[in-house]
Amino acid sequence: EQRKELEEWLTFNSDQPAGALNQAQYALAQQKPDQVEFWADRMVEFDNSSEPTLLSARLSHAAGNLDKAEQRLETALEQNENFTEAWFVLGMLRGEKQDIPGAMDAFRRVVVIDPEHGRAWYNLGLAHVQNGNRDAGIIALQKAEAFSENTADAAYALATIYAQNNNLE
């Protein structure tokens with residue numbers, strides 16, 4: 001009975017952006033990725049500005065569609081090239097896809113727009129190290145340590161790099 005009422009409510013409210021979002025989240029909970037994509041597309045049809053597009057990218061990512069999520073993020077960035085959260089999420093997504101140069105580019109864009117974005121400095125530092133550029137990684141991680149709310153991760157990464165190179169500073 002409750003499930004039927006929920007489905008009726010969702011159907012009734014699906015002609016609005018919030019209703020489409022609810023439908024997408026419901027489909028995600030039901031593990032129906034095709035339905036998630038359908039409702040994420042519908043949500044962007046209602047409002048194709050950068051914020052709903054970012055939200056639709058997050059839904060695509062949660063549904064396991066990394067390529068669609070990346071496409072949606074790129075669309076959001078076409079609409080607003082200074083959208084730091086979209087650049088950050090794109091960097092994380094590219095890192096997950098093992099596109100380290102692409103992740104580094106996205107994180108660099110974040111720190112150009114917001115030089116005190118600690119999470120971006122942290123991830124940029126890790127990407128540099130993973131890409132074989134230890135010195136650039138150390139510089140970025142030091143900036144992460146300075147700007148991040150949680151400095152422990154950056155400090156740990158720096159300590160690990162120093163220890164691996166027998167350079168305990």
Side-chain angles (χ1 to χ4, degrees), residues 21 24-25 27-28 31 33-34 36-41 43-45 47-169:
L21 172 60
Q25 290 172 328
L28 188 60
Q31 298 182 351
D34 292 342
V36 172
E37 292 302 333
F38 172 82
W39 289 109
D41 286 340
M43 186 175 63
V44 174
E45 287 172 14
D47 181 355
N48 68 352
S49 63
S50 54
E51 286 286 341
T53 305
L54 171 63
L55 185 54
S56 70
R58 289 180 181 272
L59 288 164
S60 293
H61 179 259
N65 193 342
L66 302 184
D67 292 333
K68 185 68 173 182
E70 186 171 15
Q71 177 187 13
R72 291 180 192 278
L73 288 165
E74 290 168 351
T75 299
L77 290 164
E78 287 170 9
Q79 297 166 344
N80 179 358
E81 66 185 25
N82 293 321
F83 192 6
T84 56
E85 190 62 21
W87 280 116
F88 182 79
V89 173
L90 182 61
M92 297 299 290
L93 177 71
R94 287 179 174 168
E96 186 175 343
K97 292 175 70 175
Q98 299 302 308
D99 176 6
I100 303 307
M104 290 169 55
D105 178 59
F107 293 132
R108 274 192 209 101
R109 289 181 184 253
V110 172
V111 298
V112 165
I113 298 165
D114 179 3
E116 295 184 10
H117 197 293
R119 294 180 305 148
W121 280 115
Y122 174 75
N123 285 288
L124 179 60
L126 294 181
H128 274 302
V129 171
Q130 189 172 357
N131 208 37
N133 191 341
R134 176 186 171 269
D135 293 337
I138 289 172
I139 291 168
L141 287 167
Q142 288 170 338
K143 289 187 183 226
E145 202 173 26
F147 297 123
S148 184
E149 302 87 35
N150 181 3
T151 60
D153 289 338
Y156 179 78
L158 283 166
T160 301
I161 293 167
Y162 292 141
Q164 287 174 347
N165 290 287
N166 296 322
N167 184 11
L168 298 174
E169 296 180 13

I would like to know whether Leu55 and Glu51 meet side chain to side chain contact (heavy atoms under 4.5 Å, CB included); could you show each step before the answer?
CA-CA 6 Å; Leu55 185 54; Glu51 286 286 341; over 6 Å; no
Flag side-chain contact, heavy atom, 4.5 Å: Ile138 against Gln142
yes
Give the minimum heavy-atom separation between Ala63 and Pro33, together with the two atoms involved.
O-CB, 3.7 Å
Heavy-atom distance under 4.5 Å between the side chains of His128 and Arg134, does that happen here?
no
For a 4.5 angstrom cut-off between non-hydrogen side-chain atoms, does Gln25 reach Trp39?
no
Pairing of Glu81 and Arg109 as salt bridge, 4.0 angstrom limit
no
Can you check side chain to side chain contact (heavy atoms under 4.5 Å, CB included) on Lys143 and Glu116, steps first, answer last?
CA-CA 8 Å; Lys143 289 187 183 226; Glu116 295 184 10; over 6 Å; no
Once you round to the nearest 0.5 Å, how far does OG of Ser56 lie from NZ of Lys68?
8.0 Å
Do Arg94 and Asp105 have side-chain heavy atoms sitting under 4.5 Å apart?
yes
Residue pair Leu59 / Leu21, side-chain heavy-atom distance below 4.5 Å:
yes
For Asn131 and Asn133, indicate whether the former's side chain and the latter's backbone hold a donor-acceptor pair under 3.5 Å.
no
Rounded to the nearest 0.5 Å, the CD atom of Gln71 sits from the OG1 atom of Thr53 at a distance of 11.0 Å
Ala86 and Leu73 have their tightest heavy-atom pair at O-CD2, 3.9 Å
Nearest heavy-atom contact between Ala57 and Ala69 is O-CB, 3.4 Å
Just checking His117 against Phe147, ring centres under 6.0 Å apart?
no
With ring-ring contact (aromatic ring centres under 6.0 Å, His included) as the test, pick out the partner of Phe107 among Phe88, Tyr122, Trp87.
Phe88
Evaluate salt bridge (Lys or Arg N to Asp or Glu O under 4.0 Å) for Asp41 paired with Arg72, printing each intermediate quantity in order.
CA-CA 10 Å; Asp41 286 340; Arg72 291 180 192 278; 2.6 Å; yes
Set out, in order, the CA-CA distance, both residues' side-chain angles and the distance that settles side chain to side chain contact (heavy atoms under 4.5 Å, CB included) for Leu141 and Leu124, then state yes or no.
CA-CA 8 Å; Leu141 287 167; Leu124 179 60; over 6 Å; no
Is Trp121 reaching over with its side chain to a backbone N or O of Ile139, donor-acceptor style, under 3.5 angstrom?
no
Do the side chains of Asp67 and Lys97 get nearer than 4.5 Å, heavy atoms only?
yes
Which heavy-atom pair separates Leu126 from Ala157 by the least distance, and what is that distance?
CD2-CB, 4.1 Å
Is it true that Arg58 and Glu70 have a side-chain N and a carboxylate O under 4.0 angstrom from each other?
no
Correct closest heavy-atom pair for Gly118 and Ala144 would be O-CB, 3.6 Å
Reported CG-to-CD distance for the pair Leu158 and Glu145, which is rounded to 0.5 angstrom
5.5 Å
Could you tell me whether a side-chain N or O of Asn123 sits under 3.5 Å from a main-chain N or O of Arg119, the two making a donor and an acceptor?
yes
Scan side-chain atoms only and decide if Gln79 and Ser49 contain a donor-acceptor pair under the 3.5 Å cut-off.
no
Can you name the closest pair of heavy atoms from Ile100 and Ala127 and give their distance?
CG2-O, 3.6 Å
